[in-house]
Amino acid sequence: MSSEKRRAWRVPVLAGLGYGLCVYLSLPPVDAWPLTLASAGVLIWTACRCAARPARAALFFGVGTLPLWACEEAWLFTVTPVGTPLLALYLAFFSALTVYVLATMRRAWPRVPMSVLAPLGWLAVEVFRGEVMFTGYGWFLLAHPLIDAPFLAAPAAVLGTYFVSGLVAALAGGVVDIAARAGVRRKWGIVGVASVVLVWTGVATLGSLGKPLAEGTIRVGIVQTNVPQSNKLAWTSEQIARDFARFIELTRALGKAEPRPEVIIWPETMFPGVSLNDRAVAAFEAVFRANRQSDANPGESLNAAMNRIIRDVQREIGIPMLVGSNEAIGARMERNADGRARFAYDAKHNSVVLIHDGRIQDDRYDKVDLMPFGEVIPYVWRWSAVQRLVLAVGAGGMKFDLSPGAGIRTIELPGVNMPSSGPLRVATPICFEVTRAGLCARLVEGSGQGSVLLINLSNDGWFGGIGGPVPSDAGRAQHLLAARWRCVELGVPLVRAVNTGISSAVDARGRVLPVEVVAGMQRATRSDGALVASVDVPFAAKRLRAGNGFGWAVMLAGWTVVLLGWVKGRQRRITDSSRAMTTPG
């Protein structure tokens, strides 16, 4: 192999490895957020350096990033050994696509500064991955590590997180221009960097000034459970009884805390019974008794006993509870062909249920955005047989039987009133929904003009990991990292109750707040406990935020520029070929 051919693959592969190292170090568990600029610079430099052969450069760069994505997604191996390499390849593809897009732009417009082209190309790919492909995977955004630098993250309060990603790409592009690695005069790189710094400072200042003052403080009790996902997928009756007793013990500990919390929250789907609503309880109990009709005294089912206990405990401590539960709607008893009773329902939702005065309240939020490949197979969910086949091949033991909620709604907390705006409402995105900027914006806006608090119930027991360079807790920390951006974008605080952790509280600027440990909690993750967080709730204000609008607009503009660049390059190649054919000798 000639030295030229070796350089053709060696440079982008090594660049991909360097990019991967910078991304890895910028994210948890290391959290070296300044390396975000370095990772963007390496990718942009590769696109400029290899602009003559975009496809080849992109392919080899993507290969170089595979170790990064294999490490970051190692936690998935215990859930789906088949899906783990597929997800790593998927993310490597988008890294390669970013190189291809930027190289295509560079080749078509060699005199345009990368401080202009880089944000267009970067967001064309990032927004497509985060919002469109397979309904979106909004992790590992370029901006994400900067949440630990509040002023640098502040522009998201005005134009969203994707705008901050665009600023990082523009700044890195300007640096590449200054280094004379983009084919543009250095002075344009200096102008580009200066312009980005001015825009960043101005919008960040505007975003920081827009933070409303606190109207009041609410104390939130958090039950952090510690149920590994392998247990939850095959919860035995003995495990359920033991775990539920522990959940109740931690809840009672919160009821004795001083000052008392004004609401207690459990994580996603951590009520281990069939359902909490009265109709489902009655239907299941009817099935239980019908199938044990030969018993002289069948007693009550475990499901009925847990329902009775959680309601009694809530009434006893006198604090409203928000509990994660799978809610069966339209539940009823039916008979099989052999006459045996069975539990049937019209739909099952992943829900947040309000318990007050010992009763299940009508206020309930049903998850509207089911997690791709975790709760639903995108695009094939309408064909249940195909979905079952995919599950059998890639994720044995999982059962996708949830339906999305009918729409956006918030929950009013009983007895919790703000001084000027009245009852406090909570928006309760479930699990990965908190990474969906558009959905969270609709939830907050749906609360009306009153004060609102974000409460995220999640189950991060999935992040088991298999050891290696990425600890199992890295995924949990990255989930929290992404969630904190919603606070900046929306100007509201967030409280998280998470199975296996990390349960936490975050202020309206995205900063993690201290929490008080009431019981348990030997460590932040893989440990159960009872926590109390005091959160300042801002005054209700008219919210004029762009949300994802900026990201969508730049994505469309970016793909338009890519298409024009591709057409321009094709026309150039045709012209060059025609000239070569007509040139004598």
Side-chain angles (χ1 to χ4, degrees), residues 11-12 14-15 18-19 21-23 25-26 32-52 54 57 61 98-126 141-146 149-156 158-208 550-551 553-554 557-558 561-562 564-565 568:
V11 169
L14 291 175
Y19 167 83
L21 180 62
C22 291
V23 171
L25 295 175
S26 69
W33 62 262
L35 288 175
T36 301
L37 180 64
S39 67
V42 170
L43 189 148
I44 294 167
W45 172 84
T46 306
C48 296
R49 169 76 165 68
C50 306
F61 185 89
T98 307
V99 171
Y100 177 81
V101 163
L102 292 176
T104 299
M105 289 180 170
R106 174 76 289 154
R107 185 173 61 175
W109 291 282
R111 296 183 179 180
V112 178
M114 287 308 294
S115 56
V116 175
L117 293 180
L120 283 172
W122 200 292
L123 292 185
V125 177
E126 184 168 279
L141 302 188
L142 183 59
H144 275 173
L146 298 186
F151 187 76
L152 297 181
V158 182
L159 291 171
T161 303
Y162 288 117
F163 178 68
V164 180
S165 288
L167 289 172
V168 177
L171 186 60
V175 171
V176 172
D177 286 337
I178 291 174
R181 297 295 182 181
V184 175
R185 291 183 178 180
R186 283 190 172 91
K187 69 175 184 180
W188 291 116
I190 296 172
V191 171
V193 168
S195 299
V196 173
V197 170
L198 286 173
V199 171
W200 203 325
T201 302
V203 183
T205 301
L206 183 62
S208 299
F550 175 86
V554 178
V561 172
V562 172
L564 291 175
K568 185 177 180 180

Please round to the nearest 0.5 Å and tell me the distance separating atom [atom1] of [X] and atom [atom2] of [Y].
X	Y	atom1	atom2	result
W45	C50	CH2	SG	6.5 Å
L564	W109	CG	CH2	5.0 Å
I178	R186	CD1	CZ	9.5 Å

Just wondering, do [Y] and [X] contact through their side chains at under 4.5 Å, heavy atoms?
X	Y	result
S39	L142	yes
L146	V168	yes
T46	V11	no
P155	L167	yes

Side chain to side chain contact (heavy atoms under 4.5 Å, CB included) partner of [X], chosen from [options]:
X	options	result
L43	V176, V23, T98	T98
F163	V554, V199, L123	V199
M105	L117, V112, V116	L117

Heavy-atom pair of closest approach, residues [X] and [Y]:
X	Y	result
V184	P110	CG2-O, 3.7 Å
R107	P54	NH1-CD, 3.7 Å
G166	P119	O-CB, 3.5 Å
R106	R111	NH2-N, 3.6 Å
L102	A47	CB-CB, 3.5 Å
S26	T36	CB-OG1, 3.8 Å

Start with the C-alpha gap between D177 and S115, add the side-chain angles, then the distance that decides, and say whether side chain to side chain contact (heavy atoms under 4.5 Å, CB included) holds. CA-CA 8 Å; D177 286 337; S115 56; 4.2 Å; yes
Could you walk me through whether E126 and L141 pass the side chain to side chain contact (heavy atoms under 4.5 Å, CB included) test, one step at a time? CA-CA 7 Å; E126 184 168 279; L141 302 188; 3.6 Å; yes
Does the pair W122 and V101 meet the rule for a side chain to side chain contact (heavy atoms under 4.5 Å, CB included), with working shown? CA-CA 8 Å; W122 200 292; V101 163; over 6 Å; no
Atom CH2 of W200: over 12 foreign heavy atoms under 6.0 Å: yes
L152 vs V164, side chain to side chain contact (heavy atoms under 4.5 Å, CB included): CA-CA, chis, key distance, verdict: CA-CA 8 Å; L152 297 181; V164 180; over 6 Å; no
I would like to know whether F550 and Y162 meet ring pair (Phe, Tyr, Trp, His ring centres under 6.0 Å); could you show each step before the answer? CA-CA 7 Å; F550 175 86; Y162 288 117; 9.0 Å; no
